[in-house]
Structure formats: structure tokens, C-alpha cells
Amino acid sequence: MAYIYDDQNIFAKILRGEIPNRTVLETEHSLAFHDINPQAPVHVLVLPKGSYVCYDHFALEASDAEILDFTRAVGQVCKMLGVQADAAGDGCRLIANAGAHGVQEVPHLHVHVLGGRILGRMLPPAE
Ligand code: 5GP
């Protein structure tokens with residue numbers, strides 16, 4: 001089954017410059033900006049500029065240049081924000097929600113970079 005991309009999603013509008021954002025980093029194929037409703041002291045979203053619904057869509061269909069650019073952008077953002085997990089940083093959590101079970105709100109791939117505090121367990125216990 002094909003992935004269906006809705007070009008009216010809010011991140012598509014941000015990428016087209018129709019809605020403002022607080023940019024952290026822009027590269028040829030990627031854009032990173034602060035989340036409008038931060039869940040941690042650091043909460044930045046990193047997006048590929050291409051029309052990819054979710055991570056699996058991107059990983060399967062993006063060009064090598066897009067994948068390289070996006071992967072490096074995530075690393076650069078972590079370092080810029082001081083949440084890289086090297087000797088100088090305190091670490092972070094990267095989240096890419098996908099689809100219904102992943103409870104993805106905006107259907108354009110984005111990786112959440114969360115940090116600035118201890119983030120607790122990855123998932124709450126199953127009910
Ligand atoms: P998802 O649930 O799709 O993984 O996360 C979507 C994220 O996008 C949420 O954390 C939400 O706060 C953020 N968000 C939604 N609308 C906007 C917006 O217009 N601008 C920014 N910067 N973030 C947004």
C-alpha cells in the first residue's frame with residue numbers, strides 16, 4: 001500500500017513559509033524548529049523537507065542525500081542544544097511517532113528531540 005501525504009498538514013504549511021516557526025537549523029533537505037507546546041526544557045522537531053508521512057516512509061523511499069542530510073541534522077541539533085550524549089552533554093530522547101498506534105498528530109515525519117531534564121521511562125506501564 002502506498003503512503004498518502006496530505007499537503008495541507010501544519011508542517012507542510014510551515015515548510016512552505018505559510019506559518020511562522022522558531023527555526024533552530026535549516027539545511028538543504030531538513031528543517032528544525034522549537035515545538036509550540038514543549039514537553040521538556042528542550043523540545044525541538046527535526047523534519048525532512050520532502051513529503052514523507054512518517055519515519056518508515058522516509059527510510060524506504062527518501063534519496064540517499066535526504067537521508068544523510070536528515071540524519072546529520074538530527075545530530076547537529078542535539079549538539080547545538082547541548083543534549084548530545086557525549087562527555088559534554090546530558091543526553092536526550094529522540095521520538096518519531098508514526099500512524100495510529102504511534103499516536104502521530106501531524107502526518108509529516110518529524111523527530112522530537114527532548115532533553116534538559118531526566119525524562120523518565122520510555123513508556124508508561126501497559127494498562
Ligand atoms: P506528533 O504527535 O505528531 O508526534 O507531534 C506533533 C507535535 O507538533 C506536537 O508536539 C505539537 O506540540 C507540535 N505542533 C503542532 N502544531 C505545531 C505548530 O504549529 N508549530 C510548532 N512549532 N509545533 C507544532
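Only a predicted model underlies this, so the values are computations on that prediction, with no experimental measurement involved. For ligands, and for the atoms within them, numbers begin at 1 and follow the listed sequence.
Screening residues 32-57 for salt bridge (Lys or Arg N to Asp or Glu O under 4.0 Å), with sequence neighbours left out, gives E26-K49.
In terms of polar-atom proximity, defined here as any N/O pair under 3.5 Å, Q104 makes no such contact with ligand 1. Checked against a 3.5 angstrom limit, the closest N/O atoms of V106 and ligand 1 fall inside it. For a threshold of 3.5 Å applied to N or O pairs, the pair formed by I36 and ligand 1 contains at least one separation below that value. Considering backbone and side-chain N/O of H34, one or more are found under 3.5 Å from N/O of ligand 1.
For I95, the heavy-atom gap to ligand 1 stays at 4.0 angstrom or more. Between N21 and ligand 1 there is no heavy-atom distance shorter than 4.0 Å. The shortest heavy-atom distance from I19 to ligand 1 is not under 4.0 Å. Not a single heavy atom of R22 lies less than 4.0 angstrom from ligand 1. Residue contact check for ligand 1: H112 places a non-hydrogen atom closer than 4.0 Å to it.
Below 30°, between 30° and 60°, or above 60°: for H57 and Y3 the angle between ring planes is below 30°, a parallel geometry.
Looking at every heavy atom in both residues, G116 comes nearest to V83 through N-CG1, 4.2 Å. For the residue pair Y5 and V53, the shortest heavy atom distance occurs at CA-CG2, 3.9 Å.
In summary, the side chains of Q8 and D6 do not present any donor paired with an acceptor at a separation below 3.5 Å, with no hydrogens or angles considered. Between the side chains of H112 and H43, a donor-acceptor pair is found at a separation under 3.5 Å.
When D35, L109, N37 are checked for heavy-atom proximity to atom 11 (C) of ligand 1, D35 turns out nearest. Relative to atom 19 (O) of ligand 1, the option among V103, I10, N9 with the closest non-hydrogen atom is I10.
The structure places NZ of K79 at 6.5 Å from CG of D86, a figure rounded to the nearest 0.5 Å.
With sequence neighbours excluded, no residue satisfies salt bridge (Lys or Arg N to Asp or Glu O under 4.0 Å) with E61.
Residues Y52 and F11 place their aromatic rings such that the two centres sit no closer than 6.0 Å.
L25 and L31 fall into different hydrophobic clusters, where Ile, Leu, Val, Met, Phe, Trp and Tyr side chains are chained together by heavy-atom contacts under 4.5 Å.
The proximity of N97 to ligand 1, defined as any non-hydrogen pair under 4.0 Å, is limited to the side chain.
Ranking the protein heavy atoms by distance from atom 6 (C) of ligand 1 puts H110 NE2, 3.5 Å first. At the top of the distance list for atom 15 (C) of ligand 1, counting protein heavy atoms only, stands E105 OE2, 3.9 Å. The shortest contact between atom 8 (O) of ligand 1 and any protein heavy atom is with F11 CZ, 3.3 Å.
Of all atoms in ligand 1, numbered sequentially from 1 with element shown, those under 4.0 Å from a heavy atom of I14 are 20 (N).
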